[in-house]
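Here's the structure, in C-alpha cells; my notes come after.
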2 protein chains.
Amino acid sequence: MRQQVAKLAGVSEATVSRVLNGVGPVKEETKQRVLAAAAELGYVPSALAQRFARKKSGNLGVVLPYMAKVSLFSTYYFSEMLGGIGSEAQARGNDLLLLFRETDQPRDYTALFQSQKVDALIILGARDMPLDRQSFEELAREGYPFCVLNQRYGERGEVPPFPTIDADHWSGSREAVRHLIDIGCKQIAFINGPADYSNSTDRRDGYLSIMEQSGLPVQERLMLTGNYSRKSGYELAPHLADLIASGQADAIFAANDRMAIGAMQGLRERGLEAGRDYALCGYDDADAARMACPQLTSVAVPFHEMGRAAAEQLLAGEGEERAAALSSELPVRLIVRESTGQYKPQS
Amino acid sequence: MRQQVAKLAGVSEATVSRVLNGVGPVKEETKQRVLAAAAELGYVPSALAQRFARKKSGNLGVVLPYMAKVSLFSTYYFSEMLGGIGSEAQARGNDLLLLFRETDQPRDYTALFQSQKVDALIILGARDMPLDRQSFEELAREGYPFCVLNQRYGERGEVPPFPTIDADHWSGSREAVRHLIDIGCKQIAFINGPADYSNSTDRRDGYLSIMEQSGLPVQERLMLTGNYSRKSGYELAPHLADLIASGQADAIFAANDRMAIGAMQGLRERGLEAGRDYALCGYDDADAARMACPQLTSVAVPFHEMGRAAAEQLLAGEGEERAAALSSELPVRLIVRESTGQYKPQS
DNA sequence: ATGATTAATGTACACGCGTACATTTTGTCA
DNA sequence: TGACAAAATGTACGCGTGTACATTAATCAT
C-alpha cells in the first residue's frame, strides 16, 4: 500500500514515510506529490505497524475499579477524571486504554508495561493497602511512568514514595467544618469513609484539627463510618436521628455527597430536615449535590484538572518541564448551598 | 528475549510461540520446559509485535461524546454501558479503547479501522443527524463491525440500516404514562428531549399512543421540550407551575431523570411538591432517581446489558451464533417510587 | 521388519513501518 | 569550472511475532 503511494508519487517508500511523519529534509514539491498520492489512494498508515516499529504503544492506560453491582464510587468522580485525562491525552495524540480491575484482585501492572500495552499508567480508585502499595513500589522501582490519582501514600507533607496527584482534602475538610462552626454549630457529627483511603484519613485529620483549633470537644460517638455509598449513609440515620433529637448533634459533615444524601433521606423519614433541623455538608460536589432536596453544601474537588494534570505529567515530552511533582496537591473549594445556608441552630 | 527462552528450554523459537499460544501439537514435557524457561526469565510477549503479526489490534473502540462543560448526558448512562462493554471485552481478551468525540465534530470512524486501531467499534450518544448517519452508512458499506447503542435509525419495527442495540422506549414510555393514568391522572405534561435522538421520538410516540388508547386528549401546551439536562427541566418549571396551579396538568412525564429532577426543583420553589401536588415520572432510573427528594418513579433501562450485548455481538467468534440482530431492542421496566406512588389527584 | 501415517519440532519468512547509512542531487564559493 | 558542503532521496534492514512448510521422530498396522 505504501509502495503504491511511493510509485504513484515517483519516490521511494522512505520518502513517503518522511513526508507523512514530517521528519528530515524534503523538497516542498516532493512533499506535495506524496501527499496528493496518499490522498488519491486513500492511504492510511497502519497504527499497528507504526507502533511496532516505534516500540511505543501510543496508549495511556487508565485503571479503574470494576464496580460490578454496587457502586461504592460516584460515577461523577470517575467520569470527571476520565474527561480530564482524555482531553489531555487526545491533545497529545495518545489513545486511552481502559483497564478494569476487579476489586481486591489487582492486575499485574508491570506486565502492562512489559507487554508494551501502555506507555504510561494512571490508576484511579486505589487504596492504601499492602497489595496496592506493593504493586506501585514495584512500578516505581522498575522506573515505569505512572501516577495514582486522588490518593496519597506516606505522611502528609512528606515527599511521596511514588507519583501521585491528590487534592488537599485536609484543608477541604477544615473549611467545611469551619463553615459549620461559623454558622453556629457546635456538635458536628462526622461520617467518614473507610480508612484505607487517604481521602478518609485526611478528612478525619482535618476535622479533628479544626475542631480542636476552635475549642470544640471531639466526641467519639459523633464519629461514624460508612463506605461512601448512599446506602451506608442511609443506614446511619437512626443513630444520627437520636443524636440530633437528643441535642447531641446539630450538624453532619459527610465525607462524600452520596453518604450525605443517604443520611439526609434516612433522617427525613424520621422527620428531620437538613437545613432546618440540622446542618449538612457533603463532599465532592458531585452533580448529585445540586440534585438533592435541599441542595447540598459541599466541597468541590477539581477531579477534571487532576486527571488532566496527571496525563500531562506522564505524557510530557522532552522539551517540556517536569514541574509537576511540586503541585501534586490541588486546592479544593467549599460550595455553600441550602443544606447549611439557611440553618440557624437554637443556641 | 524469546530467543533466550528458546535456548534455555532447548527448543526453537517457533515452539516457544506454539506453547505460549497453545497452538499445534506439543509434547507435554516440552511444554513444561518452555513454560518454566519463560517464567524463569520473566518473559512477557510484546503485545505490539503480536498484534502486528496477527494483524489484529485486540482493541474494542468505544466512542463517546466529549462533554466539555455541560453534561447533557447522565454519567450514569455512560458508565453503565461502559461497564457492560468492559466486562464482556475483558472476558474475551480484548482491550477497551476510549475515543472521545467532540460534539458536532465527528471523528473519521473508517480511519480507525483502516489504521487498525480498533477491530470493532461501539458508538454511544449518537444522534439521528445527516453527519452521523452518513458516517455509519459508510462503515456499513465497508463492512466494518460496529454497533450504535441506544439509538435507532429507520422506522420502528423495520430492519435497521446498520447494527444498533436499542431499548424499547416506546413501550417504556407507554408503561410510564399508563401508570400515571392508572393512578388517576388525566392531564399529563410531557417533557421530551431533542428530536434528533430516537430516544425522544420513541417516547413521544409512546406517549401519544397510550394517551389516545386511553381516550385522553393530547394537548399541545402539555408537550414541552428540554435538552436532557437538569437545567432545562428547571427552566420549564414556571410554565409547568402555571399549568398545575390552573388545573390544566396533574402529572409530568419527563424523558429522563435529570429533567424530571430539574422540573421538580423548580416546582418546589413555587410551592408544588411532586407526589402531593402532581405526579412525576422520570426515565432511565439513574442513581439520581433514588437520590431525589420524593424518590422518583422512573423507567429502568438495561444499559449495562445493552453494552454487554453489543460487545458480545461484535466480538463473537466463528464458533458462536450471530443470533443478536433479532433481539436488538431490549425491554425496559417501570419502577414505581414516591413521586407517583402517594399521589391522588382530586378528581 | 517395513512402510505409512501422524506427532513433534525446526527453518524461513512476512507483516508494514521507521530510520541509519549510502548515494545522488543541488547549491555555494572561489 | 571545479571542489566542497548541504540538501534530498534511495537502499537496506531491524523491530518481535505468527505461521506455512520442511523435516525429523514416534506410532502403528501389516
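Numbers restart at 1 for each chain; the letters A, B, ... are given by sequence-line order, proteins then strands. Since the model is a prediction, treat every value here as computed from it, not as a measurement.
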Legend entry - B:S17 side-chain N/O to D:dT19 phosphate OP1/OP2 under 4.0 Å: no
Inset, instruction - Compare the minimum distances between each of D:dT9, C:dT11, C:dT19 and the side chain of B:A14, then state the nucleotide with the smallest one. - result: C:dT11
Legend entry - A:D196 side chain reached by A:D132 side chain, heavy atoms, under 4.5 Å: no
Legend entry - Distance, rounded to the nearest Å, where B:N21 contributes CG and D:dG16 contributes P: 17 Å
Inset, instruction - Report yes if some heavy atom in the side chain of B:Q90 is under 4.5 Å from a heavy atom in the side chain of A:E102; otherwise report no. - result: yes
Inset, instruction - Mind calculating the distance between CD (B:E29) and C1' (C:dA7) to the nearest angstrom? - result: 15 Å
Inset, instruction - Round to a whole Å and report the spacing from CD of A:Q3 to P of C:dG16. - result: 11 Å
Legend entry - Minimum side-chain heavy-atom gap B:S87-A:F100 below 4.5 Å: no
Inset, instruction - Whole angstrom is fine here: how far is it from CZ in A:R18 over to P in D:dA7? - result: 14 Å
Legend entry - Side-chain N,O (B:T15) to OP1/OP2 (C:dG10) below 4.0 Å: yes
Inset, instruction - Look at A:R54 together with A:D119 and state whether they make a salt bridge at an N to O cut-off of under 4.0 Å. - result: no
Legend entry - Between P of D:dG10 and NZ of A:K7, the distance in whole Å: 14 Å
Legend entry - Comparing A:E13 and A:E28 on DNA chain D - which has the more 5′ nearest nucleotide: A:E28
Legend entry - 4.5 Å side-chain heavy-atom contact, B:S79 and B:F303: no
Legend entry - Candidates C:dT9, C:dG18, D:dA8 - which lies nearest the side chain of B:P25: C:dT9
Legend entry - Separation of C:dG16 C1' from B:Q114 CD (nearest whole Å): 15 Å
Legend entry - Ion pair B:R141/B:E137, N-O distance below 4.0 Å: no
Legend entry - Selection: residues 41-56 of chain B, any non-hydrogen atom under 4.0 Å of DNA chain D: B:Y43, B:P45, B:S46, B:A49, B:Q50, B:F52, B:A53, B:R54
Inset, instruction - For A:V23, answer base if it contacts any base atom (sugar-phosphate contacts may also be present), sugar-phosphate if it contacts only those atoms, and nothing otherwise; contact means non-hydrogen atoms under 4.0 Å. - result: nothing
Legend entry - Residue pair A:E138, A:Q134: steps toward the side-chain hydrogen bond (donor to acceptor under 3.5 Å, both in side chains) verdict: CA-CA 6 Å; A:E138 186 179 356; A:Q134 211 169 311; over 6 Å; no
Inset, instruction - Using whole Å, report how far NZ of A:K117 lies from C1' of D:dG16. - result: 16 Å
Legend entry - Whole-Å gap separating P (D:dA26) and NZ (B:K27): 6 Å
